[in-house]
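Encoded as structure tokens, the structure appears first; notes follow it.
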Amino acid sequence: MADQSHVPSCDAAPDQPLALLTPTQRKVLDGVSSGQLNKQIAFDLGIAEATVKAHMTALMRKLKVRNRTQLAITAQSLGWQGQMLAY
């Protein structure tokens, strides 16, 4: 049997959903937490607005929320303080 210890589990951190976010999802979450519109986030990151929307969908699924307000509130309650990474 092959060793699969290097394969990450999908539920590696169920109690820490923020740990599952990709670097770009973290940047999008920074924008949402700052009150920016998708268009503003897209401009700041140099990506298409449709790409921001795709990241928003993934973020909402990972954090189990239904809208951007819930996303910002949930992220804050989980300890998100914003990374404000250099884009």
Let me see the working for D30 and W80 under side chain to side chain contact (heavy atoms under 4.5 Å, CB included), right down to the final yes or no.
CA-CA 9 Å; D30 276 346; W80 184 260; 3.0 Å; yes
If every non-hydrogen atom of [X] is compared with every non-hydrogen atom of [Y], which pair is closest and at what distance?
| X | Y | answer |
| --- | --- | --- |
| S33 | A72 | CA-CB, 4.5 Å |
| A75 | L18 | O-CD1, 4.2 Å |
| L78 | P17 | CD1-CG, 3.6 Å |

Please evaluate residues L29 and R26 with respect to the criterion side chain to side chain contact (heavy atoms under 4.5 Å, CB included), reporting the C-alpha separation (whole Å), side-chain torsions for both, the decisive distance (0.1 Å), and the verdict.
CA-CA 5 Å; L29 185 54; R26 290 172 179 271; 5.6 Å; no
Throw together a table of side-chain donor-acceptor distances under 3.5 angstrom for residues 46-59, partners on residues two or more places apart or in other chains.
| from | atom 1 | to | atom 2 | distance (Å) |
| --- | --- | --- | --- | --- |
| T57 | OG1 | K53 | O | 3.1 |

Does the R66 side chain pair with the main chain of M60, one donor and one acceptor, at a distance under 3.5 Å?
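Answer holds: no.
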Please enumerate all residues that pass side chain to side chain contact (heavy atoms under 4.5 Å, CB included) together with I73, with sequence neighbours excluded.
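Listed in chain order: T69.
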Considering residues at least two apart in sequence or located in another chain, which fulfil the side chain to side chain contact (heavy atoms under 4.5 Å, CB included) criterion with Q40?
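For Q40 the side chain to side chain contact (heavy atoms under 4.5 Å, CB included) partners, ignoring immediate neighbours, are Q36, L37.
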Could you tell me the separation between the CZ atom of R61 and the CG atom of L20, rounded to the nearest 0.5 Å?
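So the gap between those two atoms works out to 15.0 Å.
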Find the distance between CD (Q76) and CG (L71) and round it off to the nearest 0.5 Å.
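Here the interatomic distance stands at 11.5 Å.
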Check step by step if side chain to side chain contact (heavy atoms under 4.5 Å, CB included) holds for Q70 and L63.
CA-CA 9 Å; Q70 290 176 346; L63 297 181; over 6 Å; no
